[in-house]
Amino acid sequence: MTAQGPANEPTATELDARYSSALNPRPGAADVTATDWAEARRQLETAEIFWVSTVRPDGRLHVTPVIAAWHDGAVYFSTGAQEQKAKNLAHHGHCALTTGGNSLTEGLDLVVEGTAGQVADPALLEEVIAAYEAKYTWHITSPEGTFHGIGDAFRKGDVVVFAVAPTTAYGFGRDDGVYTHTRWTF
């Protein structure tokens, strides 16, 4: 699977005033605007942990943390073939990846919705491995690293690698009382 287009840029960006400071202006929030996709993309590129939400065959949700890399317009993550999220995605590819913080007054939480596709192309896997290594550095490249050997696991097929190109993404921004709810459509 590859991203849709060279950078997978949104076709629409909109501020949802119902959940933003636009309807309830606070000092400094009178001119609240939608979060720029470039800012959201920067956070997707640097976030260390994502939460992937999948749907079990019986309709129950399954949510678990993963490490992931943003590369060429998609979020890439891996899992064991027998893990619950892999089984869920084999049944139903729609999923959401979430990242952000725990603060009530600052930060930007992001939700990326899309369909997970398994990555098997060796050239693309090498690009994804390079993205992981650049992002997680010694965690992946050092023998003492938490995820050492993940690149070889990708290459040998010991884990399943998925790509999720966003179909819709949401950003929930908080800046000292200024709240934004942005929706990007792809």
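- A salt bridge is absent between R56 and D58: the closest approach of a Lys/Arg side-chain nitrogen to an acidic carboxylate oxygen does not fall below 4.0 angstrom.
- A 4.5 Å side-chain heavy-atom check between T79 and F162 finds at least one atom pair inside the cut-off.
- In the model, T35 has no side-chain atom that pairs as donor or acceptor with a side-chain atom of E39 under 3.5 Å.
- In this structure, T13 and T182 have side chains that are in contact, with non-hydrogen atoms separated by less than 4.5 Å.
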* To do: Let me see the working for F147 and Y132 under ring-ring contact (aromatic ring centres under 6.0 Å, His included), right down to the final yes or no.
  => CA-CA 10 Å; F147 300 100; Y132 266 77; 8.6 Å; no

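- Without hydrogens or angle criteria, R174 side chain to F172 main chain gives a donor-acceptor distance under 3.5 Å.
- When the options T11, V112, D36, L110 are evaluated for a side-chain contact (heavy atoms from CB on, under 4.5 Å) with W184, the one that passes is L110.
- Checking each of V160, V159, D158 against S78 for a side-chain contact (heavy atoms from CB on, under 4.5 Å) leaves exactly one that passes, namely V159.
- Under a 4.0 Å N-O distance rule, the pair R155/E126 qualifies as a salt bridge.
- Residues V63 and W51 form a side-chain contact, since some pair of their non-hydrogen atoms from C-beta on lies under 4.5 Å apart.
- At a threshold of 4.5 Å between non-hydrogen side-chain atoms, the residues D109 and T98 do not count as touching.
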* Please report the C-alpha distance between F50 and L44 in whole Å, then the side-chain angles of each, then the deciding distance to 0.1 Å, and finally whether the side chain to side chain contact (heavy atoms under 4.5 Å, CB included) criterion is met. => CA-CA 9 Å; F50 290 78; L44 292 171; 3.8 Å; yes

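- Considering only heavy atoms from C-beta on, C95 comes within 4.5 Å of V164 through its side chain.
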* To do: Could you walk me through whether F77 and I67 pass side chain to side chain contact (heavy atoms under 4.5 Å, CB included), step by step?
  => CA-CA 6 Å; F77 67 95; I67 62 171; over 6 Å; no

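- Side-chain contact between V119 and L125: present, with at least one pair of heavy atoms (C-beta onward) separated by less than 4.5 Å.
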* **Test log, rule side chain to side chain contact (heavy atoms under 4.5 Å, CB included), inputs V55 and N88** => CA-CA 6 Å; V55 180; N88 296 347; 5.9 Å; no

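- Using a 4.0 Å cut-off between charged nitrogen and carboxylate oxygen, E113 and R183 do not count as a salt-bridge pair.
- Here the side chains of F154 and D152 are not in contact, with every heavy-atom distance at 4.5 Å or above.
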